[in-house]
Student: 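Please read through the structure below; I'll follow up with questions.
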Amino acid sequence: MVAAMSVKKVDQFIFLWFLAIYAPAATFCANVTYDHRALIIDGNRRVLISGSIHYPRSTPEMWPDLIQRSKDGGVDVIETYVFWNLHEPIRGQYNFEGRGDLVKFVKEVAAAGLYVHLRIGPYVCAEWNYGGFPIWLHFIPGIKFRTDNEPFKAEMKRFTAKIVNMMKQESLYASQGGPIILSQIENEYGDVDWAYGPAAKPYIKWAASMATSLDTGVPWVMCMQADAPNPIIDTCNGFYCDQFTPNSNAKPKIWTEGYNGWFLYYGGAVPYRPVEDLAFAVARFYQLGGTFMNYYMYHGGTNFGRTTGGPFVATSYDYDAPLDEYGIIRQPKWGHLKDLHDSIKLCEEALIATDPAVTSLDPNIEVAVYKTDNVCAAFLANINTTIDVTVNFSSNSYRLPAWSVSILPDCKNVVFNTAKINSASTVSIFRTESLKQEVGSLENDSLGWSWISEPIGISKNDSFSKFGLLEQINTTADRSDYFWYSLSINLEDDDDSGSQTVLHIESLGHALYAFINGKLAGGGTGNNTNATVNVDIPVTLVTGKNTIDLLSLTVGLQNFGAFFDTWGAGITGPVTLKGLKNGSTIDLSSQQWTYQVGLLGEDLGLSSGNAGKWNSQSTLPKNQSLTWYKTNFVAPSGNDPVAIDFTGMGKGEAWVNGQSIGRYWPTYVSPNSGCTNSCDYRGYYYQSKCLRNCGKPSQTLYHVPRSWLKSDNNTLVLFEESGGDPTKISFATKQIGSVCSYISESHPPPLDLWNSDTESGRKAGPVLSLDCPYPNQVISSIKFASFGTPYGTCGNFNHGSCSSNSALYIVQKACIGSSSCNINVSVNTFGDPCKGVTKSLAVEASCM
Ligand code: GAL
């Protein structure tokens, strides 16, 4: 080809080639400001959809897919907190490696063409250990957190500036050509400021001017801070934010945390939020003047290691998010929200042009119209929680289901209704594989397991003695979950030897085990709303020396509430022995106790699997407290996400190839009541409205990121506290079971027809679409198809009283053997099995 070119052309070609290879990637500095309507990027007001992904809650290997799937779902901005205690575990020693590689994460978002909202905090709450504060902060003399306190402000400023400068050095602010268009300082201080008295206001003023002085070139926000000083934008967090107004008419209406579910804690059932209600909340926000909302969380992920806060926050941070814990698209949530986002974007021109004209047709019907000479978009809302209504608007009539919003990008045709899901749903299943079958050749004895017993009581030479009972966090500085309190008492003959007495223990939390003379005698645990533990444990003492070893443990440090940093943990007493033979009670609280921070196995580095003398010759101990277990295993084949099912174990922590997959606790069971599988989406949502899994363990499956696994010779190490049977552990891989869809004749046509051939596209009828989720898959069978009045949910559909005879055959013909299929939901396709009734098509299919 080059041979045929003229010399001039060859020169041009070489020049262009040189440019392509060596010129730095073109960067376009964007000017980000705001006004009353919206964020303004390079002179244009923008309607933006944002989604939270917290980078340490997944692995760098997962980031590109998570970000791309967010983008495909119609997300423009990725929001993340910055986690101070992850980045500065020791004062002045920074860590930005691996899951902490913030720069890499921000660059990945930029590479996908999305923006970033960087919420530096540095207090973040977030169900993260200690709300993100490094524990060393607590030990700075004279420090008081989150108030007008010089030592605190100095540290907060130092870290905030460190992050800002890091971003600047990498040119990551939009003002430098990077993706960051927004930053946050502090977090929901307005919820607790009353408790900090007169020092609260100056602190917030200081935080605002400190942030502004860092000169990022992009706006700052404070969430839930009604008095956020100019130019900081005050923003809303909540399940709904449509009624929110910022504190100045010069600021846009921004929603920083729209909860698409809620977090799980040990002892709780699994929360979920129906997407019809979430879509309603989001549509209402844009209907009433909002232009920026963020899903908290778009991908929740996993609290690896000891990163959970709470206390008692579970290791899974799935959050019922559009991308599930493993990063897989959750349907129909992801798809319905994508349709919503696309519909809102069809209105963007009108939304940024003007304020909405809002009228109430009756107290439950609210119509908002964004209209200029050139454009018109309308949102029609029915906020009644039970009654569907017909609304007349601009000489047309519209049927609005209860608790729903219809979006009309041309003020005439409905492109989307929040209660009518056009997107297909998928049902995921976990396929279990026994770990035993997968065990490699290395550990052949004891069913492939080897073990080490952790000594009961004091075993390390850094133990120390003190009179009285010590608070735990002040002593351990959170170096470990574990803290031993140890004591010996002597009983004379005629004392109480052999008699039944009761050991009474009071602890600030979060859980404890009591060992008497080297044997586990009992224990107790607090819960998510009350971390304290008060237990009465019957014990048998002997004549002579008795040892009392109390193991106290934290389950994630408190992350929210006024002065949460000072709440404390551990056995602060009283500790007594009640009901001795002579009826007396001994108070042990002020005796001389011996203390040990952490476990011997932790100091030896057993979690890597490389250190320590592991036993494998004699019988494997089962249901034995304080035991380290180790095995080697072959990874489950394929690419499906992997979890370990800890059913059979008690409580502890697990490491795969030296990486902590988090605390496991399959024995903490949720209450029997309060759950429903078919939660009514209508009416205001609250965090305990829709729960699943009552009476079952809060979490049995624990994510093992694929990138932490090799194909074989992987090491799994567990530290089991209370006792379990490791041979019961199994793998579970997450797979798609069925793909379902339920479309009614009243649904709007598919959104992508909107721009096709304008009028006919907008007037087309509803279509049922099925898509196999993975490439190379085809629809292999139709498990259910009914046109008429079918009912039920995916996996449990039933025929109603009206049902066309030909539905199954028609759907089979249209779909089997294809990777996707579309069927018009109309009597023209299926005939009319019941005239005058609005009919629906329900299909359940399998992909292979
Ligand atoms: C908010 C907080 C978030 C997170 C959320 C609950 O109040 O700002 O960080 O903790 O609650 O998931």
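The first residue of the sequence shown is numbered 1, and numbering continues consecutively from there. One-based numbering, in listed order, for ligands and for the atoms of each.
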Student: Side-chain atoms of residues 316-323: list all donor-acceptor pairs with protein atoms under 3.5 Å, sequence neighbours left out, distances to 0.1 Å.
Tutor:
from	atom 1	to	atom 2	distance (Å)
S316	OG	D318	N	3.3
S316	OG	E325	OE1	2.9
Y317	OH	E127	OE1	2.4
Y317	OH	Y296	OH	2.9
D318	OD1	E325	N	2.8
D318	OD1	R330	NH2	3.2
D318	OD2	D320	N	2.9
D318	OD2	R330	NH1	3.0
D318	OD2	R330	NH2	3.0
D320	OD2	R273	N	2.8
D320	OD2	K333	NZ	2.8

Student: Looking at A38, is its backbone amide N or carbonyl O close enough to the side chain of K251 to form a donor-acceptor pair, meaning the two atoms are under 3.5 Å apart?
Tutor: no
Student: Please round to the nearest 0.5 Å and tell me the distance separating atom CD of E188 and atom SG of C223.
Tutor: 5.0 Å
Student: Could you tabulate the donor-acceptor pairs under 3.5 Å formed by side-chain atoms of residues 559-566, not counting sequence neighbours?
Tutor:
from	atom 1	to	atom 2	distance (Å)
N559	OD1	G310	N	2.6
T566	OG1	F563	O	2.8

Student: What does the 4.0 Å heavy-atom contact list look like for ligand 1?
Tutor: Y81, V124, C125, A126, E127, N187, E188, E257, Y259, W262, F263, Y296, Y317, Y319
Student: Parallel, tilted or perpendicular: which one describes the rings of F152 and F133, with boundaries at 30° and 60°?
Tutor: perpendicular
Student: With sequence neighbours left out, write down each residue that passes side chain to side chain donor-acceptor pair (under 3.5 Å) with W334, or none if nothing qualifies.
Tutor: Y298
